[in-house]
Amino acid sequence: MNAPLKTVPRHFLDLSDHDSATLKAIIADARRRKAARTGLPKGAPDADRPLDGRVLAMIFDKQSTRTRISFDMAARQLGGSALMLTGNEMQLAREETIADTARVISRYVDAVMIRLLDHEMVEDLAANATIPVINGLTKWSHPCQIMADIQTFEEHRGSIAGATVAWVGDTNNVLHSFVHAAVKFGFKLKVASPREFPLDPEVRDWASTSDLVSFGTDPEAAVKDADCVVTDTWVSLGDDNATKRRTILKPYQVNQALMGLAARDALFMHCLPAHRGEEVVDAVIDGPQSVVFDEAENRLHAQKAILAWALS
Ligand code: CP
Ligand code: NVA
């Protein structure tokens, strides 16, 4: 008798792993799910509940506000539940391998969302799991955040295809996922970051197959006429040398003068948490162009669509 075919679970580790049509369909589903909740209390389940009776394990090796709460609420609204775990409380902290952890968890729950700095470990988890694994932020990327960001841009300005987004600041995990998104969703991404923090060559090479992403060091040149200006913290989870980083990144602050160079109706985005007075000033993040709390809300809707896709 032939061995049963092994079904490959639908992991969500990086935007670069998926074709544009899949990512666009997830965003469309997120939009539909958000609209369908109008008037419902936050704890009420959706009419359509693809997680009915299913359990999402959430493993956090690092702090989180948005990812933790939005995934928990996502599982509830989709008819399932979430199990909150921290790396420290698991045998992972006592050197049980990530591969064995994957095999064990796969016997108990229906999907895993993990925040762990080491991206290769998350890939290893996925390679050994028989259930979907979702990347809730690694040092390499933050794909769920950028799905919410695309949803947010499109709610305010229509299709992001053909738009120009300026990234000003550090070359970090959020930027990596923005680079992937630019190619997958067809928007121009103009990056301005300091010479001292060059973009990871793997991301640069990946992006070089398209002419949508450009890299420079001048924030004013990147922002000029952009439809959206994005920044992120200067000190990410796991970064050291905070003082040195803040000094190097100081010229990359998004303030009113810089926003004034973008298109008149340009949006301002930040994944949060923000460090006010560092990468962005209050007048911008609290100003009329800022959509940062829509981005935070859309984490919930976008992740519900990711979970529904992963478990369908
Ligand atoms: N943007 C984001 O991922 O926030 P948390 O670190 O609070 O989850
Ligand atoms: N770049 C930031 C994103 C936080 C959501 C970090 O990695 O800490």
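Values below: all heavy atoms of this structure, side chains included; hydrogens, waters and symmetry mates excluded. These figures come from a predicted structure and were not determined experimentally. Just follow the structure's listing: the first ligand is 1, and inside any ligand the first atom is 1.
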Legend entry - Over 12 non-hydrogen atoms of neighbours within 6.0 angstrom of CD in Glu96: yes
Legend entry - Interfacing atoms of ligand 2 (cut-off 4.0 Å, heavy-atom, Asn172): 1 (N)
Legend entry - Residue among Arg299, Glu297, Lys304 satisfying side-chain hydrogen bond (donor to acceptor under 3.5 Å, both in side chains) with His301: Glu297
Legend entry - Interfacing atoms of ligand 2 (cut-off 4.0 Å, heavy-atom, Asn173): 1 (N), 2 (C), 6 (C), 7 (O)
Inset, instruction - Give a yes or no on whether a salt bridge exists between Lys188 and Asp211, defined as a side-chain N under 4.0 angstrom from a carboxylate O. - result: no
Inset, instruction - Check whether any side-chain heavy atom of Trp234 lies under 4.5 Å from a side-chain heavy atom of Gln253, and answer yes or no. - result: yes
Legend entry - SB check Arg157 Asp265 (cutoff 4.0 Å): yes
Inset, instruction - Salt-bridge test for Arg32 and Asp48: reply yes if a basic N is under 4.0 Å from a carboxylate O, no otherwise. - result: yes
Legend entry - Residue Thr233 vicinity, atoms of ligand 2 by number, heavy atom under 4.0 Å: 2 (C)
Legend entry - Nitrogen or oxygen of Ser236 less than 3.5 angstrom from that of ligand 2: yes
Inset, instruction - Mind checking the CZ-CG spacing from Phe12 to Leu307? Nearest 0.5 Å is all I need. - result: 10.5 Å
Legend entry - Contact check, side chains of Tyr252 and Thr231, non-hydrogen atoms, under 4.5 Å: no
Legend entry - Part of Thr67 within contact of ligand 2 (heavy atoms, under 4.0 Å): neither
Inset, instruction - Could you list the atoms of ligand 2 found under 4.0 angstrom from a heavy atom of Leu137? - result: 3 (C), 4 (C), 5 (C), 7 (O)
Legend entry - Test item, Leu272 contacting ligand 2 (heavy atom, 4.0 angstrom): yes
Inset, instruction - Salt-bridge test for Arg31 and Glu154: reply yes if a basic N is under 4.0 Å from a carboxylate O, no otherwise. - result: yes
Inset, instruction - Can you sort out which atoms of ligand 2 are near Leu237, meaning under 4.0 Å from one of its heavy atoms? - result: 6 (C), 7 (O), 8 (O)
Legend entry - Top protein contact for atom 3 (C) of ligand 2, by heavy-atom distance: Asp232 OD2, 3.7 Å
Inset, instruction - State whether the side chain of Thr138 and the backbone N or O of Ser141 hold a donor-acceptor pair below 3.5 Å, judged by distance alone. - result: yes
Inset, instruction - For ligand 1, would you mind listing the residues that have at least one heavy atom less than 4.0 Å away, ordered by chain and number? - result: Ser64, Thr65, Arg66, Thr67, Arg115, His142, Gln145, Cys271, Leu272, Arg299
